[in-house]
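Report on one structure; see the data block that follows.
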Amino acid sequence: MNLPRWAKRTLVGLAVVLVSVLAFAVFEPIQVLPRIRLAPGFTMIDQSGASFTSEDGRGAVTLYTFTYGDCDEECSATNETMSEIAARAADEVDMAAIDLRLVTVSFDAASDADRLGELATASGADGDLWRWAALAPEHVGTVVGSGFRVYVDEQIDGGFEFDQTFVLVDGWGVIRGEYQYATLASDADRILRHIGVLEEEIRNSHGVASFAYEAAHVFLCYP
Amino acid sequence: MTTTIERDENPVRPPKRRMGRAEWRMIAAVAVIGVGLGVFLFQPHTYAGTVLQSPRPAPSLEGLTFSNGEPADLAVFEGDVVLMYFGYTNCPDICPTSMATIARAKEVLGDDADRIHALLVTVDPERDTAEALNRYLGNVDRGFLGVYGPEETLMTTAMLYGIHSEVHDEAEELGYTVDHTGTIIAIGPDGHVRVLYSHTVTADDLSADLAELLG
């Protein structure tokens with residue numbers, strides 16, 4: 001069978017497209033983090049006494065964790081992880097490509113609002129890359145519970161029962177990662193690796209490459 | 001009379017016919033064209049906005065009211081697409097532009113426009129009564145609905161949709177302004193938040209996405 005040259009070329013082109021699509025789906029050359037759901041809108045007060053809102057995080061990649069000032073040893077793990085991420089970020093994340101922020105949210109503003117600076121200093125939060133912020137008590141249920149979907153329950157003795165969780169939010173205000181101590185190993189390595197995946201997407205997902213990244217989302221190419 | 005049928009000990013079978021090169025090429029060509037057509041016809045739509053997985057339904061509007069007087073409930077739009085925008089009628093810049101973009105996208109969509117429901121959820125409950133919302137939206141598209149209600153309920157709803165708003169009391173001609181997140185939120189026919197748009201989205205791109213969401 002003698003096909004005309006244009007037909008042969010079309011067939012070769014289609015075959016290349018087909019093989020490429022299959023290879024993309026199988027080998028996942030590009031990985032992305034899922035766009036899980038909307039992060040909540042909020043207004044908090046940070047360790048310098050300034051207002052910190054969800055709009056301040058537009059365009060930035062923000063890692064949140066949740067705690068309260070009087071939480072003792074049981075909270076040390078999340079603080080240590082946050083501290084490790086803050087220390088390693090400069091070397092392991094392209095800080096020129098993304099605006100990375102770490103935020104420890106206190107859901108006990110009644111006790112913590114006036115001593116956020118002290119709590120931040122004790123944990124090593126510099127107020128620049130890593131800051132502490134407190135949420136008004138009346139918004140804890142909506143923002144932390146319903147928005148970030150982190151379980152928090154105030155106890156009779158004034159303490160809190162809560163899930164130690166990290167939540168990674170992109171510049172669009174979309175939750176891209178959730179890390180709970182009880183169910184997933186939320187260590188610094190894993191979170192830094194995921195921040196790196198997000199950084200690559202932000203850095204490279206422009207022009208024609210954005211189609212490849214959207215394809216990665218369609219094919220669920222998750223790390 | 002007897003007939004003897006001699007058995008052929010060594011029957012000569014017709015030689016197996018092997019497919020020639022030309023036939024293999026034909027099969028390969030048909031397969032490649034078929035798959036190529038499949039890829040072309042069923043290629044995933046590339047959205048102009050940010051697509052979300054959103055495994056749970058969109059936050060409810062419980063406690064709020066549509067500007068037509070009905071209790072606000074997303075369930076009445078099931079099977080259709082809802083475009084939700086948090087803004088206010090005295091908004092000087094971004095809200096009119098976004099509402100106009102949505103109205104134009106509906107026009108471009110043609111017959112399916114009836115399956116697109118635009119909601120303006122107010123971030124200014126003090127001034128945005130049902131009457132004010134209806135008057136404002138009537139000038140944009142008579143099909144648009146306003147959503148209003150108690151300040152606390154509106155604030156909670158806005159938070160759950162990732163919206164931040166803040167009143168600015170500086171003396172201005174309009175009294176005060178409200179800074180707010182300008183995202184257009186598309187809720188799919190399944191009632192889940194599906195796509196987020198910035199106010200810079202064009203009506204044509206939005207319209208193409210809406211057609212895709214409607215399926």
Side-chain angles (χ1 to χ4, degrees), chain A residues 1-3 7-8 10-22 33-44 51-58 135 138-139 141-149 169-176 205 210-215 217-220 222, chain B residues 20-40 42-60 86 123 152-153 155-166 179-183 185 187 192-198:
Chain A
M1 186 178 68
N2 285 322
L3 291 171
K8 283 180 184 170
T10 306
L11 285 175
V12 170
L14 285 170
V16 168
V17 169
L18 172 65
V19 170
S20 305
V21 169
L22 287 175
L33 297 181
R35 295 177 185 135
I36 302 171
R37 62 175 187 278
L38 280 168
F42 58 77
T43 302
M44 300 187 204
S51 168
F52 170 63
T53 75
S54 47
E55 279 306 289
D56 295 331
R58 291 277 155 183
L135 191 61
E138 66 269 25
H139 294 150
T142 303
V143 175
V144 181
S146 304
F148 284 111
R149 302 223 172 113
V169 177
D170 70 12
W172 258 98
V174 175
I175 293 176
R176 305 298 293 270
S205 180
S210 67
F211 292 103
Y213 277 91
E214 284 311 308
H217 280 284
V218 170
F219 289 117
L220 312 178
Y222 302 146
Chain B
R21 247 179 150 178
E23 284 159 308
W24 277 116
R25 277 185 183 174
M26 175 69 88
I27 289 169
V30 169
V32 169
I33 288 172
V35 174
L37 270 175
V39 170
F40 177 75
F42 300 104
Q43 60 181 314
H45 173 78
T46 304
Y47 285 86
T50 302
V51 182
L52 272 70
Q53 273 93 355
S54 293
R56 295 189 191 185
S60 98
F86 289 78
V123 291
E152 195 56 41
T153 313
M155 187 184 281
T156 302
T157 305
M159 283 175 174
L160 294 178
Y161 278 96
I163 304 296
H164 170 260
S165 67
E166 196 173 340
D179 279 355
H180 61 90
T181 310
T183 310
I185 300 164
I187 298 172
H192 294 224
V193 174
R194 285 292 166 227
V195 195
L196 306 177
Y197 298 97
S198 77

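Letters A, B, ... are given to chains in the order of the sequence lines, protein chains preceding strands, and every chain is numbered from 1.
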message = Quick check for you: to the nearest 0.5 Å, what is the distance between B/Glu166 atom CD and A/Glu55 atom CD?
response =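 Here the rounded value is 10.0 Å.
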key: B/Thr46 side, atom OG1; A/His217 side, atom NE2 - distance, nearest 0.5 Å   = 12.0 Å
query = Looking at A/Thr142, A/Thr10, A/Ile175, which makes the most heavy-atom pairs under 4.5 Å with chain B?
reply = A/Thr142
query = Based on non-hydrogen pairs under 4.5 Å, which of A/Gly173, A/Ala39, A/Pro40 is most in contact with chain B?
reply = A/Pro40
note = Heavy-atom nearest pair, B/Leu160 first then A/Gly147, reads CD2-N, 3.9 Å
key: Nearest heavy-atom neighbours spanning B/Tyr197 and A/Trp172   = C-CH2, 3.6 Å
Structural part of [X] lying under 4.5 Å from a heavy atom of chain A:
X        : result
B/Thr181 : both
B/Thr183 : side chain
B/Leu196 : both

inquiry  = So for A/Arg149, is it side chain, backbone, both, or neither that comes closer than 4.5 Å to the heavy atoms of chain B?
reply    =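 The answer is the side chain of A/Arg149.
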message = Using side-chain heavy atoms (C-beta onward) and a distance below 4.5 Å, is A/Arg35 in contact with B/Thr50?
response =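 SC-SC contact between A/Arg35 and B/Thr50 confirmed.
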task = Using a 4.5 Å cut-off on heavy atoms from C-beta on, say whether the side chain of A/Arg37 contacts that of B/Arg56.
result = no
